[in-house]
K.L.:
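My structure is below; once you've seen it, I'll send some questions.
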Amino acid sequence: TQSTRPQRILGAVQQNATRGDPRSVVRAIDQYCRNQEWAMNVGDEKGCILDSVVSEVNPATVLELGTYCGYSTVRIASLLPPHAKLITLEFNPEFAVIARQVIAWAGLEDKIQLVEGASGDLIPKMKEQFGVETFDLVFLDHWKDRYLPDTKLMEECGLLRKGSVLLADNVICPGTPEYLEFVRSSPRYESQYFKSHLEYTKVEDGLEKSVFLG
Ligand SMILES: CCCNc1ncnc2c1ncn2[C@@H]1O[C@H](/C=C/CNC(=O)c2cc(-c3ccc(F)cc3)cc(O)c2O)[C@H](C)[C@H]1O
Ligand SMILES: [Mg+2]
């Protein structure tokens, strides 16, 4: 039977990356997606911006919305300090199965908690079920029309504190117009656009970093 693209990405990791070496996992996925078949990972160019924001925030708690194959999950977790935790939400069980194996290959199971389910259902349960107070960093990379409702939901659930950083992928392509308008016009956020390109292409895209002001 035909394999799926996520299965082929996992295969590329298992063939080309070293177990326990997160950066080799990231490199293997980028090489596969650049040379064999495109996939919607944040990629190497925007990934460098992601790395710099993660390093600057040096977060103890991270939330990722939209795991997919786990590329950005591994990329972020590889930069976290020893006791930091990353919770990543994925509602498609097929992708979750792949992402768990990519995370395991990178040897990052102890830093990453992959939770299967929809963000709208899980965000309200973060405090009681996962013992989270607030998130220092949130990486938004799920359905683009869910960035704004989920951001409002995180505010309502008290998951953002003064200084929490939201980093959103794809604010140009495919685009997240309502979210962008909101974070750029709201007095409760300080936003900054990092111009880049859509993963593995020359098309413009970028990341929007928004600091919650409380
Ligand atoms: C109600 C559910 C919401 N809550 C949810 N809760 C949990 N998990 C969720 C939720 N909503 C979605 N997910 C999961 O996250 C993933 C979804 C990721 C979505 N990403 C894109 O669509 C994209 C497109 C392009 C692109 C650019 C140019 C092109 F030509 C084509 C494609 C590029 C990019 O970098 C992109 O990230 C995964 C597939 C999906 O199962
Ligand atoms: Mg994306």
Side-chain angles (χ1 to χ4, degrees), residues 3-10 26 29-30 32-34 36-51 53-54 62-76 86-103 112-126 129-130 132 135 137-157 159 166-180 183 193-210:
S3 66
T4 66
R5 185 171 313 191
Q7 283 170 334
R8 294 191 291 273
I9 288 172
L10 173 60
V26 166
I29 296 175
D30 281 330
Y32 180 76
C33 294
R34 190 173 282 283
Q36 308 303 319
E37 60 177 326
W38 187 92
M40 57 183 176
N41 316 117
V42 72
D44 40 5
E45 190 180 324
K46 287 186 287 179
C48 287
I49 301 167
L50 172 62
D51 291 352
V53 172
V54 173
V62 183
L63 176 64
E64 176 180 62
L65 301 178
T67 315
Y68 188 40
C69 296
Y71 172 92
S72 48
T73 322
V74 165
R75 189 159 189 142
I76 294 168
L86 188 161
I87 294 175
T88 184
L89 310 183
E90 175 52 61
F91 76 172
N92 182 314
E94 274 178 55
F95 298 147
V97 163
I98 298 295
R100 290 190 197 287
Q101 296 173 80
V102 169
I103 290 162
I112 296 164
Q113 184 170 5
L114 193 164
V115 186
E116 282 185 52
S119 50
D121 302 332
L122 293 168
I123 285 171
K125 297 174 182 166
M126 279 296 139
Q129 265 193 5
F130 305 103
V132 169
F135 288 106
L137 174 67
V138 182
F139 181 56
L140 299 95
D141 196 20
H142 58 332
W143 295 152
K144 307 313 162 193
D145 63 355
R146 305 297 303 177
Y147 285 21
L148 183 51
D150 283 348
T151 295
K152 290 180 174 175
L153 187 57
M154 286 187 286
E155 278 188 34
E156 285 157 24
C157 296
L159 290 168
L166 305 184
L167 189 63
D169 190 25
N170 310 116
V171 296
I172 303 300
C173 176
T176 63
E178 299 84 5
Y179 173 80
L180 220 40
V183 289
Y193 174 60
F194 291 85
K195 183 175 178 182
S196 185
H197 295 95
L198 176 69
E199 48 268 30
Y200 319 117
T201 77
K202 294 183 176 4
V203 173
E204 183 182 344
D205 188 20
L207 301 173
E208 187 83 359
K209 176 191 169 193
S210 305

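In listed order, ligands and their atoms are each counted from 1.
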K.L.:
Among all protein heavy atoms, pick out the one at the shortest distance from atom 32 (C) of ligand 1; state its residue, atom name and that distance to 0.1 Å.
P.N.:
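Of the protein heavy atoms, W38 CH2, 3.7 Å lies nearest.
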K.L.:
Nearest protein heavy atom to atom 33 (C) of ligand 1, by residue and atom, and its distance?
P.N.:
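Its nearest protein heavy-atom neighbour is E199 OE2, 3.2 Å.
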K.L.:
Could D205 and K202 be called an ion pair, given the rule that one side-chain N must be under 4.0 Å from one carboxylate O?
P.N.:
no
K.L.:
Starting from atom 9 (C) of ligand 1, which protein heavy atom do you reach first, and at what distance in Å?
P.N.:
F91 CD2, 3.8 Å
K.L.:
What do the steps show when you test Y147 against H142 for ring pair (Phe, Tyr, Trp, His ring centres under 6.0 Å), and what is the final call?
P.N.:
CA-CA 7 Å; Y147 285 21; H142 58 332; 5.5 Å; yes
K.L.:
How close does the nearest protein non-hydrogen atom get to atom 41 (O) of ligand 1, and which residue and atom is it?
P.N.:
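Answer, as residue, atom name and distance: E90 OE2, 2.5 Å.
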K.L.:
Under 4.0 Å and counting heavy atoms only, is there anything from the protein next to atom 30 (F) of ligand 1?
P.N.:
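Under the 4.0 Å cut-off, atom 30 (F) of ligand 1 has no protein heavy-atom neighbours at all.
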K.L.:
In the protein, what heavy atom is nearest to atom 15 (O) of ligand 1, and what distance, to one decimal place, separates them?
P.N.:
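Going atom by atom, the protein heavy atom closest to atom 15 (O) of ligand 1 ends up being G66 CA, 3.2 Å.
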K.L.:
Heavy atom of A118 under 4.0 Å from ligand 1?
P.N.:
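Distance cut 4.0 Å: A118 passes for ligand 1.
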K.L.:
Relative to atom 24 (C) of ligand 1, which among C69, G175, P174 owns the nearest non-hydrogen atom?
P.N.:
P174
K.L.:
Given 3.5 Å as the limit, does a donor-acceptor pair link the side chain of N41 with the main chain of G43, or not?
P.N.:
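No; zero donor-acceptor contacts below 3.5 Å.
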K.L.:
Look at atom 34 (C) of ligand 1 and find which of I123, D205, I172, N170 reaches it with the closest heavy atom.
P.N.:
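Comparing heavy atoms across I123, D205, I172, N170, the nearest one to atom 34 (C) of ligand 1 lies in N170.
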K.L.:
For Y147, which part has a heavy atom under 4.0 Å from ligand 1: side chain, backbone, both, or neither?
P.N.:
neither
K.L.:
How far is atom 6 (N) of ligand 1 from the closest protein heavy atom, and which atom is that?
P.N.:
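For atom 6 (N) of ligand 1, the nearest protein heavy atom is S119 N, 2.9 Å.
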K.L.:
Tell me the contacting part of D169 for ligand 1: side chain, backbone, both, or neither, using a 4.0 Å heavy-atom threshold, strictly below.
P.N.:
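For D169, the contact with ligand 1 is made by the side chain alone.
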K.L.:
Nearest to atom 3 (C) of ligand 1, what protein heavy atom do you find, and at what distance?
P.N.:
R146 CG, 3.6 Å
K.L.:
Closest N/O/S atom of D141 to the Mg ion (ligand 2), by atom name?
P.N.:
OD1
K.L.:
Testing the 3.5 Å rule here: is there a donor-acceptor pair between the side chains of E64 and S72?
P.N.:
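Result is yes, a qualifying pair exists.
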K.L.:
Would you mind finding which of D150, L122, L198 brings a heavy atom closest to atom 27 (C) of ligand 1?
P.N.:
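Residue with the shortest heavy-atom distance to the ligand atom: L198.
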K.L.:
Judged by non-hydrogen atoms, does G117 sit under 4.0 Å from ligand 1?
P.N.:
yes
K.L.:
Answer side chain, backbone, both or neither: which part of D141 comes under 4.0 Å from ligand 1, heavy atoms only.
P.N.:
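For D141, the contact with ligand 1 is made by both the backbone and the side chain.
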K.L.:
Looking at atom 11 (N) of ligand 1, what's its closest protein heavy atom, distance included?
P.N.:
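The answer is W143 CD1, 3.3 Å.
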K.L.:
Just checking, any donor-acceptor pair under 3.5 angstrom between side chains of Y71 and D30?
P.N.:
yes
